[in-house]
A.B. asks: 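Below is the structure I would like to discuss, written out as structure tokens.
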Number of protein chains: 2
Amino acid sequence: MIVEVFGKVLRELRTERGISQEKLAEYCDLDRTYISLLERGQRQPTISTLFKIANALRIKPSDLVKNVERELPA
Amino acid sequence: MIVEVFGKVLRELRTERGISQEKLAEYCDLDRTYISLLERGQRQPTISTLFKIANALRIKPSDLVKNVERELPA
DNA sequence: TTTAGCCACGGACTATAGTCTGAAATTATT
DNA sequence: AATAATTTCAGACTATAGTCCGTGGCTAAA
């Protein structure tokens, strides 16, 4: 559940910014294919990875999490 | 860095609530020793685990993350 | 001095985060 | 239609999240 929602949020934020998975991966210092896995909900990030991604997207980590919360059943 | 800060924040929130690692573990459905590892900065949670812990502490996951952000160098 | 609760720590383990390489499929661009 | 750019998928791998079972140390209460 959380994993899928996180992936969806990530994809939205990335495409909004008009950057490719590969570029994002480069900014985060993560693997290209791993970003793909995340977006498809096949992997979940650790908190460190979450911070890396948020920084690369120029968003506060807590706001990234807030986006996930928002789409979850109470 | 993040890992240590998360551990510190977790310990503060737990002790504030006056519950033992074992009780928290039970509420989160995680292992007793794993909570200890987290607090000592020897493990870092995945996002799902982060949500579990936040729920057990009766705090919003994004607020838990905000506590970590707050203690990090800009 | 014993008992009980809490925590640190170790070791050995299973599950999964995260990497790497490359090829096939899909989606723009021209 | 052809080409380029982007994403998906597969497989095999290393690193680490998370479990389980116990032991020993510490502090506080009986």
Side-chain angles (χ1 to χ4, degrees), chain A residues 1-65 67-69 71-72, chain B residues 1-65 67-69 71-72:
Chain A
M1 193 83 250
I2 289 174
V3 194
E4 288 82 0
V5 172
F6 175 81
K8 188 178 164 227
V9 166
L10 172 56
R11 173 156 300 177
E12 282 167 3
L13 292 170
R14 177 181 63 80
T15 54
E16 272 175 18
R17 285 159 179 71
I19 63 179
S20 66
Q21 291 179 351
E22 188 154 17
K23 266 299 167 200
L24 178 60
E26 184 187 330
Y27 299 153
C28 299
D29 194 33
L30 290 170
D31 196 81
R32 160 182 69 90
T33 63
Y34 178 58
I35 301 293
S36 175
L37 287 166
L38 284 175
E39 288 189 356
R40 284 177 290 131
Q42 299 188 12
R43 291 288 192 286
Q44 58 168 331
T46 59
I47 191 174
S48 295
T49 300
L50 186 89
F51 271 67
K52 279 190 190 180
I53 292 175
N55 291 333
L57 291 172
R58 300 177 186 288
I59 185 180
K60 286 200 286 182
S62 57
D63 285 335
L64 176 48
V65 171
N67 279 320
V68 176
E69 265 169 31
E71 302 207 21
L72 278 178
Chain B
M1 193 84 247
I2 288 171
V3 194
E4 288 83 0
V5 172
F6 175 81
K8 188 178 164 225
V9 166
L10 173 57
R11 174 156 301 178
E12 282 166 3
L13 292 170
R14 177 181 62 81
T15 54
E16 271 174 18
R17 285 158 179 72
I19 63 179
S20 67
Q21 292 178 349
E22 189 153 15
K23 266 299 168 200
L24 178 60
E26 184 186 330
Y27 298 153
C28 299
D29 194 33
L30 290 171
D31 196 79
R32 158 181 70 88
T33 64
Y34 177 58
I35 301 293
S36 174
L37 287 166
L38 284 175
E39 289 188 357
R40 284 177 290 133
Q42 299 188 12
R43 290 289 192 284
Q44 57 168 332
T46 58
I47 192 174
S48 296
T49 300
L50 185 89
F51 271 67
K52 279 189 189 181
I53 292 175
N55 291 334
L57 292 172
R58 301 178 187 286
I59 185 180
K60 286 200 286 182
S62 56
D63 285 335
L64 176 48
V65 171
N67 280 317
V68 175
E69 265 170 29
E71 303 208 20
L72 278 179

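Here is how names work: the chains are called A, B, and so on, in the same order as the sequence lines, proteins then strands, and each is numbered from 1.
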A.B. asks: Would you mind building the protein contact string for nucleotides 21-30 of chain C? One character per nucleotide, 5' to 3', B for base within reach (heavy atoms under 4.0 Å), S for sugar-phosphate only, - for untouched.
C.D. replies: BBB-------
A.B. asks: Nearest whole angstrom, please: distance from the C1' of D/dC13 to the CZ of A/R43.
C.D. replies: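 One finds 12 Å between C1' of D/dC13 and CZ of A/R43, rounded.
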A.B. asks: Is a donor from one side chain sitting under 3.5 angstrom from an acceptor on the other, for A/S36 and A/R40?
C.D. replies: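 A/R40 and A/S36 do have a side-chain donor-acceptor pair below 3.5 Å.
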A.B. asks: Taking NZ in B/K52 as the centre, count heavy atoms belonging to other residues, nucleotides or ligands within less than 6.0 Å. Is the count above 12?
C.D. replies: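 Counting other residues, nucleotides and ligands, NZ of B/K52 exceeds 12 neighbours.
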A.B. asks: Considering heavy-atom distances to DNA chain D, does A/L37 or B/D29 have its closest nucleotide positioned more toward the 5' end?
C.D. replies: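 That would be A/L37.
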A.B. asks: For A/L38 and for B/R40, locate the closest nucleotide of DNA chain C by heavy-atom distance; then report the residue assigned to the nucleotide nearer the 5' terminus.
C.D. replies: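 With A/L38 and B/R40 compared, the 5'-side residue is B/R40.
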A.B. asks: Atom CG of A/L10 to atom C1' of C/dA17: distance rounded to whole Å?
C.D. replies: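 Rounding to the nearest Å, CG of A/L10 and C1' of C/dA17 are 15 Å apart.
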A.B. asks: To the side chain of A/R14, which of C/dC7, D/dT7, D/dA17 is closest?
C.D. replies: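 Among the listed nucleotides, the one closest to the side chain of A/R14 is D/dT7.
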A.B. asks: Let me know the distance between CD of A/Q42 and C1' of C/dT16, rounded to the nearest Å.
C.D. replies: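 Whole-Å distance recorded here is 13 Å.
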A.B. asks: Whole-Å distance between D/dA17 P and B/F51 CZ?
C.D. replies: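 Roughly 19 Å, once rounded to whole Å.
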A.B. asks: The side chain of A/R11 is closest to which nucleotide in this list: D/dT8, D/dA17, C/dC9?
C.D. replies: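 Selected nucleotide (nearest to the side chain): D/dT8.
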A.B. asks: Taking side chain as C-beta onward, heavy atoms only, is B/F51 less than 4.5 Å from B/L64?
C.D. replies: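 No, their side chains stay 4.5 Å or more apart.
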A.B. asks: Rounded to the Å, how far apart are A/I19 CD1 and D/dA5 P?
C.D. replies: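 A/I19 atom CD1 is separated from D/dA5 atom P by 18 Å.
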A.B. asks: Below 4.5 Å, heavy atoms only, C-beta onward: do A/K23 and A/R17 meet side chain to side chain?
C.D. replies: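 Counting from C-beta outward, A/K23 and A/R17 never come under 4.5 Å.
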A.B. asks: Between A/L10 and A/L57, is any pair of side-chain heavy atoms under 4.5 Å apart?
C.D. replies: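 In contact.
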A.B. asks: Do B/I53 and B/L30 have side chains that approach each other closer than 4.5 Å (heavy atoms only, starting at C-beta)?
C.D. replies: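 Touching, per the 4.5 Å side-chain cut-off.
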A.B. asks: Scan B/Q44 against the nucleic acid and name what it touches under 4.0 Å (heavy atoms): base, sugar-phosphate only, or nothing.
C.D. replies: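 Here B/Q44 touches the backbone only, sparing every base.
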A.B. asks: Evaluate the side-chain proximity of B/R11 to B/Q21: yes if any heavy-atom separation is below 4.5 Å, no if none is.
C.D. replies: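 With C-beta onward as the side chain, the pair touches.
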A.B. asks: Quick one: A/R17 CZ to D/dT6 P, roughly how many Å, whole number?
C.D. replies: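 Result: 18 Å.
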A.B. asks: So, does B/Q21 get its side chain near the phosphate of C/dG5, meaning an N or O under 4.0 Å from OP1 or OP2?
C.D. replies: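 Checking B/Q21 against C/dG5: no side-chain N or O falls below 4.0 Å of OP1 or OP2.
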A.B. asks: Rounded off to whole Å, could you give me the CD1-to-C1' distance for the B/I35 and C/dC6 pair?
C.D. replies: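 Computing the B/I35:CD1 to C/dC6:C1' distance gives 14 Å.
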A.B. asks: Under 4.0 Å from OP1 or OP2 of C/dA8: is there any side-chain N or O of B/S36 that close?
C.D. replies: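 Yes, because at least one side-chain N or O of B/S36 sits under 4.0 Å from OP1 or OP2 of C/dA8.
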A.B. asks: Over how many whole Å does the gap from B/E22 atom CD to C/dA4 atom C1' extend?
C.D. replies: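 Value for this atom pair: 12 Å.
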